[in-house]
**Q** 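Sharing a structure, written as structure tokens. Questions coming.
Just so you know, ligand 1 is whichever comes first in the structure, and atom 1 is the first atom listed for that ligand. The figures here come from the full heavy-atom set of this structure, side chains too, leaving out hydrogens, waters and symmetry mates. Given the structure is predicted, the values throughout are model-derived calculations rather than measurements.
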Amino acid sequence: MADGQADRLRRLKQEERRRGNGRKSGWSVGAHRLSVTSGKGGVGKSNYALNTAIVLAGFGQKVLLIDADTNLANLDILLGVRPRYNLSDVFAGDRLMQDVIIQGPGGIDILPGSSGVLEMLELDDQVQRRLLESFAELEKEHDYLIIDTGAGLTQSIVSYVTSSHEVVMVTNPEPTAITDAYSMIKVATHRNPTLRVRLLVNMVSSIEEAAEVFDKLNLVVQNFLNIPIEFLGHLPTDACVAKSVMLQAPFVLKFPRCAAAVAIRMMARKLLQKRPHPPDEEDQTLLERIVRGNPE
Ligand SMILES: Nc1ncnc2c1ncn2[C@@H]1O[C@H](COP(=O)(O)OP(=O)(O)OP(=O)(O)O)[C@@H](O)[C@H]1O
Ligand SMILES: [Mg+2]
């Protein structure tokens with residue numbers, strides 16, 4: 001990003017701060033960014049991201065859930081909604097950022113169809129600047145951005161992950177999923193050494209089984225990467241998840257007492273308690289980071 005552009009955004013943020021229009025939680029401007037990703041597909045990312053977003057909103061956080069999954073219409077299907085517009089319409093100049101946001105259940109906002117974010121790099125400087133500013137506004141209005149990425153090491157997914165403050169890496173106990181999670185951790189932390197990595201083990205029968213998966217992965221990470229990763233928790237294999245997918249209704253709302261919903265709430269509390277330091281006013285927004293990290 002050009003220096004002048006960065007300066008202007010910084011000035012906007014400082015001005016905003018002086019006017020006291022900070023976000024609801026009292027942090028400085030800019031939301032906390034958490035991406036949810038995995039090496040292998042189909043391990044439960046979208047279900048985790050959607051239900052966690054709703055629980056965090058229930059805890060008083062203003063949450064924007066970004067559907068950055070390359071698979072067609074992932075969150076749309078989980079929710080049974082058909083968004084009219086997506087980020088590509090904004091890039092094409094047909095819609096404003098605010099027109100694309102839809103209201104999700106439990107008070108969350110959703111930014112649909114955001115997997116093509118790197119298309120932004122092809123836009124001319126002026127258009128890019130306008131987009132960055134309107135995204136900065138959006139980010140300022142939220143406490144949390146939860147980014148549901150697809151699986152694997154595509155450029156767009158890696159960009160989202162490395163532009164986040166922390167990542168929840170989802171895996172199931174299958175050896176292929178664990179190996180792919182390792183590759184993703186390696187690439188992401190190489191590009192962003194301050195990225196906080198937490199592991200969620202999905203579809204297990206007990207915490208012991210999940211801890212075994214964590215120990216296995218952590219051993220390799222310590223041996224070869226020597227970076228800290230944390231155990232966030234586990235989600236049991238629970239019929240309520242599949243049932244809620246069929247009903248197109250999030251399980252934390254439809255079956256709030258089921259084991260998976262209890263686990264989601266426990267992990268969400270942990271996320272809030274152990275949140276990395278709030279971004280300061282110099283911190284860039286998600287799209288700024290994506291643009292800066294991909295100069296070509
Ligand atoms: N804890 C669980 N218990 C039972 N079934 C589960 C659980 N988690 C996920 N599933 C099943 O796995 C399916 C895939 O989940 P989900 O769509 O969340 O995965 P994903 O990682 O987002 O997939 P993709 O990589 O395709 O985006 C769900 O439709 C659900 O049926
Ligand atoms: Mg998904």
**Q** Distance from K186 atom NZ to L153 atom CG, nearest 0.5 Å?
**A**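 Those atoms lie 10.5 Å apart.
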
**Q** Below 3.5 Å, N or O to N or O, backbone or side chain included: is there any such pair between V43 and ligand 1?
**A**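 Min N/O separation from ligand 1 is below 3.5 Å for V43.
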
**Q** Checking the side chain of H234 only, and the main-chain atoms of N202 only, is there a donor and an acceptor separated by less than 3.5 Å?
**A**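 Checking the backbone N and O of N202 against the side chain of H234, no donor-acceptor pair under 3.5 Å is found.
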
**Q** Is the Mg ion (ligand 2) under 2.8 Å from any N, O or S atom of N47?
**A**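 It does not: N47 brings no N, O or S atom closer than 2.8 Å to the Mg ion (ligand 2).
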
**Q** What do we get for L78 next to ligand 1 when only non-hydrogen atoms under 4.0 Å count, side chain, backbone, both or neither?
**A**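 Neither part.
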
**Q** Report, in ascending order of atom number, the atoms of ligand 1 lying under 4.0 Å from any heavy atom of N47.
**A**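 Result: 15 (O), 16 (P), 17 (O), 18 (O), 28 (C).
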
**Q** Which of the atoms of ligand 1 are close to T237, meaning less than 4.0 Å from one of its heavy atoms?
**A**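 Matching atoms, with element in brackets: 3 (N).
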
**Q** Does some non-hydrogen atom of G42 fall short of 4.0 Å from ligand 1?
**A**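 In this structure, G42 qualifies as a contact of ligand 1 - some heavy atom is under 4.0 Å.
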
**Q** Which heavy atom of M267 sits nearest a heavy atom of L232, and at what distance?
**A**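 Shortest heavy-atom separation between M267 and L232 comes out as CG-O, 3.7 Å.
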
**Q** Is K243 close enough and on-axis enough to F251, meaning under 6.0 Å and within 45°, for cation-pi?
**A**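 Output no; distance or angle outside limits.
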
**Q** Report yes if some N/O of Y48 lies less than 3.5 Å from some N/O of ligand 1; otherwise report no.
**A**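 The answer is no, given that Y48 and ligand 1 share no N or O pair closer than 3.5 Å.
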
**Q** Just checking, any donor-acceptor pair under 3.5 angstrom between side chains of D148 and S46?
**A**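 Yes, because at least one side-chain N or O of D148 sits under 3.5 Å from a partner of the opposite role on S46.
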
**Q** Any donor-acceptor pair under 3.5 Å linking the side-chain atoms of E137 with those of S134?
**A**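 Per modelled atom types, S134 and E137 side chains form no pair under 3.5 Å.
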
**Q** For F224, look at atom CZ and say whether over 12 heavy atoms of other residues, nucleotides or ligands are found less than 6.0 Å away.
**A**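 12 or below, so no.
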
**Q** Which ligand 1 atoms does G41 reach within 4.0 Å, using its non-hydrogen atoms?
**A**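 Atoms satisfying the 4.0 Å criterion: 25 (O).
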
**Q** Would you check the N or O atoms of G44, main chain and side chain alike, for any that come under 3.5 Å of an N or O of ligand 1?
**A**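 Yes; at least one N/O pair falls below 3.5 Å.
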
**Q** Side chains of S244 and K254: do they bring a donor and an acceptor to under 3.5 Å?
**A**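 Judged by distance alone, the side chains do not pair up.
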
**Q** What are the atoms of ligand 1, with element, lying closer than 4.0 Å to any heavy atom of V245?
**A**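 Under 4.0 Å from V245, ligand 1 has these atoms: 29 (O).
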
**Q** Parallel, tilted or perpendicular, judged at 30° and 60°: which one describes the rings of H32 and H165?
**A**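 Correct class here is parallel.
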
**Q** Can you name the atoms of ligand 1, numbered from 1 with element, that are less than 4.0 Å from a heavy atom of D69?
**A**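 In order of number, 27 (O).
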
**Q** Any N or O on T149 sitting closer than 3.5 Å to an N or O of ligand 1?
**A**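 Min N/O separation from ligand 1 is not below 3.5 Å for T149.
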
**Q** If you count the atoms of ligand 1 from 1 in the order shown, which ones are under 4.0 Å from a heavy atom of P236?
**A**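 Listed by number with element, the hits are 1 (N), 2 (C), 3 (N).
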
**Q** With distance as the sole criterion, is a donor-acceptor pair present between the side chains of Q222 and N218 under 3.5 Å?
**A**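 Yes, a side-chain donor-acceptor pair sits under 3.5 Å.
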
**Q** Tell me whether D148 has any N or O atom under 3.5 angstrom from an N or O of ligand 1.
**A**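 D148 vs ligand 1: no N/O contact under 3.5 Å.
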
**Q** Would you say K40 has any N or O atom under 3.5 Å from an N or O of ligand 1, going by distance alone?
**A**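 There is no such contact.
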
**Q** Are any N, O or S atoms from D69 nearer to the Mg ion (ligand 2) than 2.8 Å?
**A**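 Coordinating: yes.
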
